[in-house]
Amino acid sequence: MSFPLLTAVAVVPAVGAIATAALPAAKRTAAKWLALLFSLITFALALVVAFRFDPGAKSPYQLTESHAWIPDFGVRYELGVDGIAVALIALTALLIPFIILAGWHDADPLEEATPNRRWRPTQGFFALILAVEAMVVISFEATDVFLFYIFFEAMLIPMYFLIGGFGDRAGPDGEEQAAGRRSYAAVKFLLYNLAGGLIMLAAVIGLYAVTADQLGTGTFSLQQIVEARAAGKLDIAAGTERLLFLGFFFAFAVKAPLWPLHTWLPGAMGESTAPVAVLITAVVDKVGTFAMLRFCLQLFPEASSWATPAILVLALISIVYGALLAVAQRDIKRLIAYASISHFGFIILGIFAMTSQGQGGATLYMVNHGISTAALMLVAGFLISRRGSRLIADYGGVQKVAPVLAGTFLIGGLATLSLPGLAPFVSEFLVLVGTFTRYPVIGIIATFGIVLAALYVLVLYQRTMTGPVKAEVTGMPDLRVRELVVVAPLIALLIFLGVYPKPLTDIVNPAVDHTLSVVDKQDPKPTVQVNAVPGGGRHGHAANDQDVEAAK
């Protein structure tokens, strides 16, 4: 039997989480290095997956593993990756070492232990991060719906403790009030996502019942269900399919997050430490948009087409609403959170535009948003840790005392507003082009999100980094070596993928084409208007083949 590479990518961080948590309380430094070591091994395995993946292969899933798990209920341990999953696994494995390095001191014991200031378990902090990584990776790999559901829900547990137990303490109101806000944000995160998961569970059971009724044996296998539909062996009634689709989509829309199911995100990111905030929006939330592509569209193609107009409207509202609220924010981290809501609107817009450019751009957006948000949020975290405040008004003139910090903050911000030459520009451009070709009005309105992004990013930079140096930031140290090690590779990736996105597009485009073929969608054919010519030409109508050749 060949080496189970996909299992290894998920198991290594899980083993690292157990090993880190098992270290004695006094071995805090050892716990940090052990967690970093396991995250680097996971990244190396993810690179092996990427290099072994063949974008030109005919099979939609590669490196597959399939074993009986609960045969009486048709549940199997089935793993496989397409180009979209490979890109997101690589993103996750890349970001986790930087998250660990950025949070190197976030769980260190406080200098004084008082009733309102407790000692934090360093080992638990890093073990929880590795546990989340393991669950996210296997969610990207799972091709069995039930297997996916288990880890889709299980990742909520470590995330709950990371938000509520290791949240941000920046602010003037003391540890007790900060702990109350953290607990509220953690509970809200958990309740929203559990509600989505319970609705999805009902849909998962319904899917099993439908397959058992029509195929004779119930199954959760994505490939088996897709192949049965293509062969005409499985024909789900339109009403039933739409209900099942809504059950899946609701859970993914909460995780994504899509308006109006987004309200848990600003609190969760605002009350988390910067590394945990990156873990939420750059890693965990990507599972929601990925699952829309893998499960919603492929399991329920007719229902996906039926729901597309409503979802496009919701995505459009997310784009504009998130950007407008970002403009109004006074808290740095909540501003980045609302900006992410706007960006996820672009991703969902590209997915349901049902064009190759739109879905290819949406997949690139998942990767590029992860990198750009990580860069901006981590630098913001370094800034906040120096000043002890998240309020924009408490800063000013930082670029004069910490120019490297200000410069990296600016590049992260420019990537967030999709400046040409930086990675998010390519993906946002493709999403807008792909949307415009099928839904021109929605594509035009969505461009207002770009204008608003420029406003909130540049105003944020102006108010924090320029102007007179405030007394509280005088003497603020610039980025240290550890912090530069975190930020510099992310900035380099933003520039590299901004000028040369081909390595990513080559991997994801075949998977996008496969998804569109399952949904039975093709790119709209362009029309050419041909002007009248002397001697009796045609004017003002869609071109035929001769017109197209003449136009060329």
Under 3.5 Å, is there a donor-acceptor pair between the side chain of [X] and the main chain of [Y]?
X: His514; Y: Pro510; answer: no
X: Gln224; Y: Thr219; answer: no
X: Arg438; Y: Ala353; answer: yes
X: Thr435; Y: Leu432; answer: no
X: Gln329; Y: Leu325; answer: yes
X: Ser304; Y: Cys296; answer: yes
X: Glu241; Y: Glu302; answer: yes
X: Gln62; Y: Asp54; answer: yes

Considering all heavy atoms, the nearest [X]-[Y] contact:
X: Leu378; Y: Ala102; answer: CD2-CB, 3.6 Å
X: Phe161; Y: Ile157; answer: CD1-O, 3.2 Å
X: Ala46; Y: Ala90; answer: CB-CA, 4.4 Å
X: Ser221; Y: Asp144; answer: N-OD2, 4.1 Å
X: Ala251; Y: Met200; answer: CB-CB, 3.6 Å
X: Pro257; Y: Leu265; answer: CG-CD2, 3.6 Å

If I take atom [atom1] from residue [X] and atom [atom2] from residue [Y], how far apart are they, to the nearest 0.5 angstrom?
X: Leu410; Y: Thr464; atom1: CG; atom2: OG1; answer: 9.5 Å
X: Ile225; Y: Arg229; atom1: CD1; atom2: CZ; answer: 9.5 Å
X: Leu95; Y: Ser39; atom1: CG; atom2: OG; answer: 11.0 Å
X: Ile199; Y: Leu194; atom1: CD1; atom2: CG; answer: 11.5 Å
X: Leu207; Y: Ile236; atom1: CG; atom2: CD1; answer: 6.0 Å
X: Ile99; Y: Thr273; atom1: CD1; atom2: OG1; answer: 9.5 Å

Partners of [X] by side chain to side chain contact (heavy atoms under 4.5 Å, CB included), sequence neighbours excluded?
X: Ser66; result: Arg76, Glu78
X: Thr263; result: Lys188, Tyr192
X: Ala380; result: Ile332, Ile336, Phe409

Can you list the residues that meet the ring pair (Phe, Tyr, Trp, His ring centres under 6.0 Å) rule with Phe146, with sequence neighbours excluded?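 Checked Phe146 against ring pair (Phe, Tyr, Trp, His ring centres under 6.0 Å); matches are Phe220.
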Ring pair (Phe, Tyr, Trp, His ring centres under 6.0 Å) partners of Phe382, counting only residues at least two apart: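 For Phe382 there are no ring pair (Phe, Tyr, Trp, His ring centres under 6.0 Å) partners, ignoring immediate neighbours.
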Side chain proximity check, [X] to [Y], heavy atoms < 4.5 angstrom:
X: Leu324; Y: Tyr321; value: no
X: Pro158; Y: Met135; value: yes
X: Met292; Y: Ile348; value: yes
X: Leu258; Y: Leu261; value: no
X: Val451; Y: Thr447; value: no
X: Glu65; Y: Thr7; value: yes
X: Leu130; Y: Ile100; value: yes
X: Val210; Y: Leu234; value: yes

Quickly, which of Phe295, Phe290, Phe148 forms a ring-ring contact (aromatic ring centres under 6.0 Å, His included) with Phe140? Name it, please.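 Result: among Phe295, Phe290, Phe148, Phe290 is the only option passing the ring-ring contact (aromatic ring centres under 6.0 Å, His included) with Phe140.
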Sequence neighbours left out, cut at 3.5 Å: what donor-acceptor pairs do the side chains of residues 310-318 make with other protein atoms?
residue, atom, partner, partner atom, Å
Ser318, OG, Trp259, N, 2.9
Ser318, OG, Leu314, O, 3.2

Are His262 and Phe344 near enough that their ring centres are under 6.0 Å apart? no
Taking atom [atom1] of [X] as the centre, report whether more than 12 heavy atoms of other residues, nucleotides or ligands fall under 6.0 Å from it.
X: Arg463; atom1: CZ; value: no
X: Tyr77; atom1: OH; value: yes
X: Phe429; atom1: CZ; value: no

Which of these passes salt bridge (charged side-chain N to carboxylate O under 4.0 Å, His left out) with Glu271: Arg181, Lys333, Arg182?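 Going through Arg181, Lys333, Arg182 one by one, the salt bridge (charged side-chain N to carboxylate O under 4.0 Å, His left out) with Glu271 is satisfied by Arg181 alone.
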Distance-only donor-acceptor hits, side chain of residues 276-288, under 3.5 Å, sequence neighbours excluded:
residue, atom, partner, partner atom, Å
Thr281, OG1, Ser340, OG, 3.3
Lys286, NZ, Thr281, O, 2.8
Lys286, NZ, His369, ND1, 2.9

Test side-chain hydrogen bond (donor to acceptor under 3.5 Å, both in side chains) applied to Asp331 - qualifying residues, sequence neighbours left out: Arg390
Go through the structure and list residues passing side-chain hydrogen bond (donor to acceptor under 3.5 Å, both in side chains) with Tyr500, not counting sequence neighbours.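 So Tyr500 forms no side-chain hydrogen bond (donor to acceptor under 3.5 Å, both in side chains) with any residue.
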Can you pull out every ring-ring contact (aromatic ring centres under 6.0 Å, His included) where at least one residue sits in residues 432-460? Sequence neighbours excluded, please. none
Would you tabulate the side-chain donor-acceptor contacts of residues 415-427 under 3.5 Å, counting partners in other chains and residues two or more places apart, or write 'none'?
residue, atom, partner, partner atom, Å
Thr416, OG1, Gly412, O, 2.9
Ser418, OG, Glu428, OE1, 3.1
Ser418, OG, Glu428, OE2, 3.4
Ser427, OG, Asn368, ND2, 3.4
Ser427, OG, Pro424, O, 2.9

Please list, one pair per line, the donor and acceptor atoms closer than 3.5 Å that link side chains of residues 354-364 to other protein atoms, with sequence neighbours excluded.
residue, atom, partner, partner atom, Å
Thr355, OG1, Gly358, N, 3.1
Thr355, OG1, Gly434, O, 3.1
Ser356, OG, Asp523, OD1, 3.4
Ser356, OG, Asp523, OD2, 2.5
Gln359, NE2, Ile351, O, 3.0
Thr363, OG1, Gln359, O, 3.0

Evaluate the side-chain contact (heavy atoms from CB on, under 4.5 Å) criterion for residues Val254 and Trp264: first the C-alpha distance (whole Å), next the side-chain angles of each, then the deciding distance (0.1 Å), finally the verdict. CA-CA 9 Å; Val254 172; Trp264 63 267; 4.0 Å; yes
Would you check, one step at a time, whether the test side-chain contact (heavy atoms from CB on, under 4.5 Å) holds for Phe189 with Leu156? CA-CA 8 Å; Phe189 160 82; Leu156 301 180; 3.8 Å; yes
